[in-house]
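Structure record follows, encoded as structure tokens.
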Amino acid sequence: MRPLISLGLCFVIALSYLTPVLAAENRGDLVVTVVREADESAVSGATVRVTSRDKSRILAETTTDAEGKARLKDLPLGDVYVEVTQTEAGRDGALVTLTAGADNRFDAYLSADSTAEVVTITDSRLLVNGSDPNQGATTRRDRNFLNRQLAQSNSLQAVMSTVPGAQTNSLGQVHVRGEHKALTVSLDGVDLPVSTESSITQPIDPEFLETADVATGMYDAAQGGQLGAVVNATTRGEGEKPFAQLEAKLGDHGQSELVLKAGGSNESNTFSYFVGARRSTSDLYLEAPHPDRQDLNNTGRLNSFLVRFQGKGEKNRYGLTLSHQDADFEVPQTPQNFAAGVSQDQRESNSLALLSWNHSLTKDDDLLMGLALQRNRQRVNNNGLFTPYTAVPAALEGELAEENFPLDPENPGSPYLPVSDLTIIQIKPSVDWTHRFGENHQLKAGLTANFITADQELSITDPGGGGGLPNPFNLPGSPLAFAANVERKAFNGGLYVSHTYPISEKLIVNYGLRAETFDDGRSVSTGQLSPRLNMVYSPTEEQAVRFSYNRLFQPPPIEIDVSGRTEVLPQRTHALELSYENQFAKNVVGKVALVHKRFRDQIDVALLIPNSNIPVFAPINFARAEYTGVELSVATHNKVGWNGFVSATIGEARPTEPGLFAGHFPQYNDHDQRVQATAGVSHTWANGFSAAADVLYGSGFPQEALPLYNSIGISPYGLSGDRQNRFITNLNLQYMPEDKNGNGTLGAGIQVFNLFDNRSNLNFLSEFSGTRFVTGRRFLFNLNARF
Amino acid sequence: MRKTLLILLAAIGFSACGTSGSSSLSSRAGSGSFLSSTVQLDQQFVYALSADQSQLLAYKISGEDEGGGHNHDHVHAQHDHGHDHGHGNGGDSGLELVELDGSPYTLPGGTALSLVVAADGRALIVIFTDGTLRNYPINGVTGLLGEPASVPSRVANPRKLRLSPEGDSIAVLGDDLALFPVEENGELAPLPAVLPNTEDWSDVALGHHGGAGSTSQGAVGFSWERGGPVSGSSEVSLPGATRGGLAIAHDEVFVTNTEDQTVSQLSLDEESGQLTLVETFELPEEVEDPMAIAVLFDGEDLLVGGTEAVVLLHHHEDELEEEGHLELDQTPSDFFSILETGFVLVAHAGGQGFHLLRVDEGLTLVSEFSEELSNITSFGLARRLETVTVTEEL
């Protein structure tokens with residue numbers, strides 16, 4: 001603790017000497033340089049106006065200084081129009097895509113010939129920000145992409161599957177570069193507390209997101225916590241005319257969905273709001289344990305609600321977000337267990353309140369303060385019925401017997417009666433302070449804290465002889481029952497300093513140091529100093545080469561671990577990344593990245609009861625692990641016409657030492673190793689009709705037990721070999737016309753999930769997810785009205 | 001430091017067959033943080049007493065996949081299946097004795113003479129030279145002993161401590177014979193039934209409702225119902241002038257006639273305690289001075305120990321057929337059969353350590369244990385079949 005205290009003192013002293021500033025990572029700064037086209041001389045006094053993409057609202061306006069430069073701060077991320085006018089010199093304009101963090105640039109060339117009243121702005125944009133050393137591992141998914149390209153856009157897992165480096169799994173699990181469910185959602189520049197390990201839902205319903213910038217690495221020192229991926233999210237409302245949108249969806253397999261969205265801003269854009277509500281149902285809620293009978297106890301329901309308010313003045317910007325989700329779903333059963341009447345269900349709820357205040361102290365100094373309050377609750381219940389479990393006898397196959405695998409893997413029985421009730425309340429204040437020295441040169445410092453109160457009650461009995469309950473005291477034999485009530489107050493806090501410095505116009509470096517401490521409220525109290533280094537070299541405007549070294553510290557979930565105790569340790573990671581990004585055609589960007597990560601005490605997420613389908617997850621440590629991956633992505637960004645994307649990952653995540661929780665470890669700890677590729681193509685017509693298809697190809701190792709079963713003549717579900725493939729195709733046809741005259745529009749669409757009804761195996765008797773198959777084909781029709 | 005308190009909340013006896021039963025967790029809602037685990041124990045611990053130093057050796061009988069972390073005297077004996085008596089339950093998993101951490105333990109309070117394990121493995125009872133019986137509760141999870149309760153045996157010059165077949169009674173043999181019922185929780189009745197004047201008895205064995213003792217002249221039977229008085233019967237004369245051990249299987253009593261190199265078979269009427277001589281068998285010449293005897297496999301086999309030798313005899317109708325013999329470097333003073341596994345522990349009173357034998361088609365020496373300890377007189381086996389809930393308050 002002493003180094004942390006010393007660092008904290010240094011931090012306070014440093015604060016007293018520096019002028020405070022604000023920096024909000026969900027906003028972007030735009031630096032505009034205005035010159036005459038003829039001689040490239042600076043144009044002072046030119047008016048620079050930034051408007052929303054529909055041009056209904058002015059987002060910011062200023063004039064250039066004597067050097068022809070103007071900085072527009074705290075602009076919303078995404079596409080904005082920039083218009084520059086000067087009475088004598090002329091006009092220029094462009095569509096600019098703003099990214100968070102570093103400065104976004106626009107060079108305006110004014111020509112006396114372009115003094116017409118209207119500036120014609122093409123849809124061509126510069127999509128590579130070569131001045132941002134932290135943008136190399138960030139993928140943007142905007143609403144256009146989510147609505148028109150992606151069929152399952154309200155599933156964060158489906159969105160994440162399109163991000164290079166991310167490999168999706170069952171039950172909402174996303175494996176990003178060898179990490180496990182280490183996902184942070186950031187709103188208003190404030191990282192939200194993480195959900196419980198067993199939750200299927202997210203703190204915020206992805207349906208309500210307007211954009212999602214998914215970062216999988218190259219973090220500056222401001223970023224802490226769950227760093228598998230950080231989803232920097234925005235919602236609609238700001239810079240828009242008031243709108244309302246109602247969407248009704250109906251499909252087979254009990255699918256129904258009702259979505260209401262409303263939002264907008266006042267004329268001066270000083271106040272904006274967004275309200276979203278969604279209710280959805282399905283009879284195929286989770287990935288089922290049987291390929292052909294997927295609807296056995298598999299109904300689910302989700303209600304979600306979100307309201308956001310934002311206000312801003314000359315120097316202040318405020319945000320308030322309230323979100324609530326509750327989901328109620330059954331745990332799908334095998335035909336045998338279903339026939340025996342076995343029924344288990346899970347209920348979960350996430351409630352969030354987020355308050356943010358961004359204050360501009362000077363023209364170069366910003367301060368962002370955030371306060372997040374989140375409550376997650378997850379409960380599992382059963383109806384008291386069970387079926388017996390018969391393990392493989394040692395005489396038949398020793399290794400399967402040792403791991404207590406079932407004799408009949410297709411009918412493993414449901415021997416356990418689980419009851420759980422987990423409530424985690426997190427209060428997370430944060431403050432970030434930024435000082436800009438000049439273009440691409442800034443210093444940031446900040447503090448975050450997360451006060452966590454956890455109450456976990458568990459009662460699981462094993463009347464069916466499953467033999468897999470946690471054994472926290474290493475008692476002889478297999479426990480018949482496990483019960484716990486763990487109440488604790490944990491803490492995770494950090495402070496950081498981050499400096500971005502332009503060594504030259506083409507070479508910009510970001511370096512920093514983050515100090516973190518963690519106390520799990522029981523037995524683990526530790527911390528780490530984490531240096532960060534991120535560099536970008538931009539040989540041309542359209543190209544960027546980035547290198548990054550990140551030392552990361554990831555606190556574990558405040559939940560009972562797989563041993564039945566509370567001894568899981570924080571994960572410590574060395575992450576190296578080299579990437580190359582190139583906008584090689586109009587609105588087309590490609591990127592390739594090499595990633596290597598080394599983990600100590602790697603946190604994985606496993607079922608509390610291995611070989612079961614009970615969705616109570618628990619953390620586990622592997623003492624050492626590694627990840628190496630090659631990632632490739634290409635995406636286009638046209639408003640109309642053809643669009644497409646490809647994201648491919650070849651990765652290998654291996655534990656190399658087992659740690660204190662288990663005497664063995666799997667060959668791969670991502671069951672979807674080693675290849676995942678997603679691709680999509682779409683066409684959008686100017687009349688609002690769009691047609692899209694996306695595909696996901698995955699090839700990996702669901703479970704090492706499968707070859708062992710094969711060796712004794714058992715091919716469960718006809719599966720053989722240790723590598724399984726899946727190829728899933730989705731279709732998305734939408735008619736969403738643009739509301740050009742303000743009278744509202746009506747639209748309709750159809751989505752087909754898993755067009756070819758591929759029901760490949762996702763996990764086979766996995767200690768991490770049980771047995772799961774890809775959910776079969778579903779149709780979903782929608783009608784939407786927008787006002 | 002984490003505050004840890006292990007509480008054995010419940011130890012509900014399960015049937016001996018070990019069938020799994022559902023267990024209900026005690027409701028702890030609202031009572032603070034805790035972790036709780038309920039297991040069905042099926043554990044076996046073996047104890048051996050070194051009388052010279054009052055040292056207690058403790059072992060866990062473990063399967064092949066257990067016993068990690070214990071490195072002392074780690075012995076594994078593979079049991080070949082196929083004993084023609086069909087009683088072995090050791091199966092192919094063999095027998096593994098893993099010495100418990102910290103063993104041997106010193107028993108304070110005097111010089112210990114002999115031990116038994118009673119009350120379904122819940123109590124280890126030791127007789128000390130001053131006549132005190134100390135009753136140690138056995139932790140079914142760890143095999144370790146708790147604080148003992150002391151009961152005077154009321155027997156002067158104690159020599160032997162024996163256990164009834166059901167494990168619910170003990171006999172202390174000294175100048176008198178004292179018979180104590182043992183309660184289910186392992187407690188000893190405060191007042192024993194006493195059969196006086198047993199100074200010349202060399203050994204005693206208990207049956208279901210009575211027992212017998214070997215004397216210089218022969219053998220004496222007695223009848224006794226738990227909690228009632230003991231009544232002796234007339235002495236039956238046996239060949240020779242010296243007697244060794246005796247063993248009981250059902251209503252059959254076998255007594256070694258050391259001087260005569262024979263074994264006598266007697267019939268015990270437990271109602272009256274009357275002994276009747278059935279037959280006396282010559283022992284093989286390999287066994288000289290036969291002091292120790294045990295019946296195995298429900299009385300089908302006899303194991304007789306003499307000077308540095310052991311012989312296995314199959315008892316069939318009116319014949320004793322030798323099935324094997326084994327030469328040892330020490331003389332057996334007593335045998336202890338580990339249930340019906342076919343494994344037998346051999347004590348060497350006055351010698352060093354003890355031996356583990358396997359009784360199969362013949363006799364095999366499996367291993368020697370704790371040669372540094374001398375005068376190992378007796379053994380006990382605690383088999384714990386029960387459901388136990390362990391709770392840790394956090």
Side-chain angles (χ1 to χ4, degrees), chain A residues 384-386 388-389 393-395 398-399 401-404 415-419 421 453-467 469-489 520-525 560-561 563-567 663, chain B residues 1-4 6-10 12 14 18-45 60-69 81 91-93 98 139-143 384-394:
Chain A
L385 295 179
F386 65 93
Y389 185 89
E399 200 171 336
E402 188 178 341
E403 295 297 318
N404 195 37
Y416 307 102
L417 296 177
V419 178
D421 191 344
T453 301
D455 182 359
Q456 186 169 17
E457 294 180 42
L458 275 171
S459 172
I460 309 176
T461 57
D462 181 15
L469 291 183
N471 192 351
F473 311 119
N474 290 319
L475 298 175
S478 298
L480 301 173
F482 172 69
N485 179 26
V486 180
E487 300 169 12
R488 50 179 163 161
K489 294 184 184 299
D520 76 348
R522 287 289 167 209
S523 54
V524 178
S525 181
I560 291 173
D561 57 48
S563 73
R565 302 193 64 86
T566 57
E567 295 173 347
Chain B
M1 288 295 291
R2 182 188 305 147
K3 179 187 173 188
T4 302
L6 289 178
I7 305 170
L8 293 177
L9 280 179
I12 306 163
F14 259 55
T19 53
S20 173
S22 62
S23 72
S24 60
L25 280 173
S26 59
S27 174
R28 297 293 308 271
S31 60
S33 294
F34 69 93
L35 296 174
S36 171
S37 183
T38 301
V39 292
Q40 183 180 346
L41 295 179
D42 185 359
Q43 301 219 98
Q44 298 179 67
F45 301 100
K60 179 183 177 184
I61 298 179
S62 175
E64 288 185 11
D65 57 340
E66 296 178 289
H81 194 67
D92 291 326
S93 61
V98 182
N139 184 316
V141 177
T142 64
R384 299 297 290 264
L385 276 170
E386 62 205 1
T387 300
V388 172
T389 297
V390 177
T391 299
E392 177 183 326
E393 305 285 354
L394 298 176

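Values below: every heavy atom of this structure, side chains too, minus hydrogens, waters and symmetry copies. Naming convention: chains lettered A, B, ... in sequence-line order (proteins, then strands); numbering from 1 in each chain.
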message: Ignoring hydrogens, what is the shortest heavy-atom contact between A/N471 and B/S37? Give both atom names and the distance.
response: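 Reported closest heavy-atom pair: OD1-OG, 4.2 Å.
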field: For the student: nearest non-hydrogen atoms of B/L41 and A/P476, plus distance
entry: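 The answer is CD2-CG, 3.5 Å.
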query: Does any heavy atom of chain A fall under 4.5 Å from the side chain of B/L35, the backbone, both, or neither of them?
result: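 When you check distances to chain A, atoms from both the backbone and side chain of B/L35 fall under 4.5 Å.
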query: Quick one: are B/V39 and A/P479 in side-chain contact, heavy atoms under 4.5 Å?
result: yes
- prompt: Below 4.5 Å, heavy atoms only, C-beta onward: do A/L475 and B/V390 meet side chain to side chain?
  reply: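 Yes. Closest side-chain heavy atoms under 4.5 Å.
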query: Counting only N and O atoms by type, is there a donor-acceptor contact under 3.5 Å from the side chain of A/N485 to the main-chain atoms of B/F34?
result: no
- request: Measure from the side-chain N and O atoms of B/S33 to the backbone N and O of A/E487, and report whether any donor-acceptor pair falls under 3.5 Å.
  value: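 Side chain of B/S33 to backbone of A/E487, a donor-acceptor pair under 3.5 Å: yes, one is there.
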